[in-house]
Each structure stands twice: as C-alpha cells, then as structure tokens.
Amino acid sequence: MFVFNDIKNLQQHLLTFNNDKSIGFVPTMGALHQGHLSLIKKAQEKSDIVVVSIFVNPTQFDKPEDLVKYPRTLENDLKLLESVNCNVVFAPTAKEIYGDKITSKSFTFDGLEHQMEGKFRDGHFDGVGTIVKRLFEIVKPTNAYFGEKDFQQLQIIKKMVENHSIPINIVGCEIFREEDGLAMSSRNTRLTDEHRLAAPFIYKTIKKARKKFKKNAPEKVISWVKKKFKKHPLLKLEYFEIADEKTLKTIKKKDDDKRYRAFIAVFAGEIRLIDNIKL
Ligand code: PAF
C-alpha cells in the first residue's frame with residue numbers, strides 16, 4: 001500500500017498506470033469503520049486500483065468545536081486499509097489542499113443544498129463541494145463511492161459532476177448498520193454509553209414510520225415521529241422529513257410514480273446523528 005501526503009507524489013504514482021487502469025476512489029475523513037470498508041469493497045469489485053483519501057475537511061464543519069473533536073485515528077486507519085488491500089492512501093495536510101487560505105468556494109446545486117442539512121448546517125455543502133471537487137481534480141478517478149447515510153451529500157455530488165461536466169461515475173452505496181440498527185458513523189465513537197444504548201431508537205422509529213407511510217399521509221407520519229421523540233428522555237429530534245428522492249423537497253401528498261425517502265437528524269447529547277430510509 002502506498003501512502004502519500006502530497007499531491008505531486010500521488011499524481012506521479014497514479015501516472016504510472018498510464019491511464020489504462022480504472023481508479024476507484026473512496027474519499028473519507030478517516031476514523032474508518034466497517035461502513036467505509038464496505039465502500040472500499042464495492043470499489044475493488046469495479047476498479048483496478050483503489051485510492052482512499054483521509055482528510056478531515058475544515059470547511060465543511062459549521063461548528064469549530066465539532067472540527068476539533070472529530071475523531072482522528074490515522075495509525076489505525078492505515079492498518080485497516082492495509083488489511084483490506086487498499087492500493088493507495090492520500091492523507092494530505094490542510095495546507096497541501098487549501099494553501100494558506102482555508103475557505104470554501106460557493107456552489108449552487110439546483111436547490112438541493114437548501115433542504116434538510118442545508119437548513120441546519122450553514123456553509124456545509126459549499127465545504128463538501130469544495131473538497132470533493134478538489135479531490136476529484138487531484139485523483140481523477142473513474143468511479144467514486146459515497147455512502148447513502150449522507151444521502152443529501154450523495155445527490156449533491158451527483159449534481160456537481162453533472163453541472164461541471166466532470167467525467168466521474170458516482171456510485172451510491174447502501175447504509176451499513178451496527179447489529180442493533182444504528183447507522184455506522186465515525187461520530188458514533190463519541191457517544192456516551194448511555195447515548196449509544198439509546199441511539200438505535202432512531203432507526204427503529206424510521207422503520208416504523210416507513211410502515212405507517214404506506215397507509216397514512218406524510219403529515220400524519222411526521223407528527224407521529226415528532227411525538228415519539230418528544231417522549232424520549234435522551235434523544236432530541238432536530239428534523240424528520242419525508243422528501244422526494246430526486247429534488248429532496250418535502251412532500252405534502254404521495255404520487256405513485258415518485259420515489260420518497262424519510263430523513264432524520266437527532267441529537268444524542270452533543271453528538272448529532274443522521275439517518276434515512278427508502279419509503
Ligand atoms: O462523507 C464524508 O466523509 C465527507 O463529507 C467527504 C465526502 C469525505 C468530504 O470531506
């Protein structure tokens with residue numbers, strides 16, 4: 001496994017493949033877990049070379065303390081990546097990526113950025129767009145893999161490659177869950193024992209909401225979920241929305257030929273968890 005911290009040496013290495021090998025790219029912020037490994041496995045099925053980036057991107061954090069507390073486990077990440085036969089790791093510094101000015105570019109994603117996470121995390125998707133576009137320009141992959149846990153991010157990245165005519169195939173991968181149903185996330189390691197025990201309630205509730213959606217209007221399902229969380233002593237609901245999978249706009253009523261998803265954000269203490277489910 002080759003590990004690079006700088007762009008020049010990474011690109012020189014990738015050039016040796018002479019454009020005749022396909023590159024599968026898995027961008028991450030490290031603190032790797034089984035969910036990331038499932039993306040890498042998917043990438044290995046379709047690509048000759050798999051590149052994983054590890055970079056805690058400062059511009060996508062809306063709260064400075066969240067950036068400071070984000071788990072950083074590089075040594076362990078490298079061991080894990082070696083064990084799954086990853087070919088290349090790119091772990092740059094912020095200076096290597098941004099130079100002296102750590103700022104986001106401004107993007108429009110045809111309105112996708114104003115829904116859900118966009119309402120609660122100021123500047124988040126400009127930060128994601130900035131880093132993902134930059135990493136795409138550096139690595140120039142054939143395929144790039146993103147988890148559906150961040151479904152809005154996945155749709156936004158698909159929109160970005162479309163709007164900027166970037167020739168990369170974006171592959172969405174199913175949410176990887178703990179045995180008790182909690183969606184895997186690097187942030188889960190920061191949960192207290194008490195909140196970790198409570199957190200599977202999120203997936204349990206959205207699964208029940210999916211059942212209710214079959215026979216009830218969206219509004220009814222939403223107020224049912226809100227009630228459930230109001231009664232919960234440890235978890236605080238930030239939002240629960242039912243939206244069109246493509247536009248991510250919330251819906252008032254169902255249309256048979258559209259596809260919908262329910263999206264949720266919850267605070268477990270100071271840790272913010274998100275999840276979603278196909279309806
Ligand atoms: O999903 C993530 O881990 C990050 O948002 C990403 C795509 C690696 C960009 O920093």
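Atoms within each ligand, like the ligands themselves, are counted from 1 in listed order. All residue numbers refer to positions in the sequence shown, counting from 1.
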Worksheet entry | Residue pair Val171 / Phe146, side-chain heavy-atom distance below 4.5 Å | no

Could you check ligand 1 for N or O atoms lying under 3.5 Å from protein N or O atoms and list the pairs with distances?
residue	atom	partner	partner atom	Å
ligand 1	1 (O)	Gln153	NE2	2.8
ligand 1	5 (O)	Gln60	NE2	2.9
ligand 1	5 (O)	Gln153	OE1	2.7
ligand 1	10 (O)	Gln60	OE1	2.6

Response to the item:
Applied to residues 37-66, the ring pair (Phe, Tyr, Trp, His ring centres under 6.0 Å) test, sequence neighbours excluded, yields Phe61-Tyr70

Worksheet item: Could you give all pairs that pass the ring pair (Phe, Tyr, Trp, His ring centres under 6.0 Å) test and reach residues 235-255, with sequence neighbours left out?
Response: Phe120-Tyr239

Worksheet item: Checking side chain to side chain donor-acceptor pair (under 3.5 Å) against Thr192, which of Arg190, His195, Arg196 comes through?
Response: His195

What pairs of donor and acceptor atoms, side-chain ones from residues 100-110 against any protein atom, are under 3.5 angstrom apart with sequence neighbours left out?
residue	atom	partner	partner atom	Å
Asp100	OD1	Lys95	NZ	2.8

Worksheet entry | Donor-acceptor contact below 3.5 Å, side chain Ser47 vs main chain Gln44 |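 Absent.
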
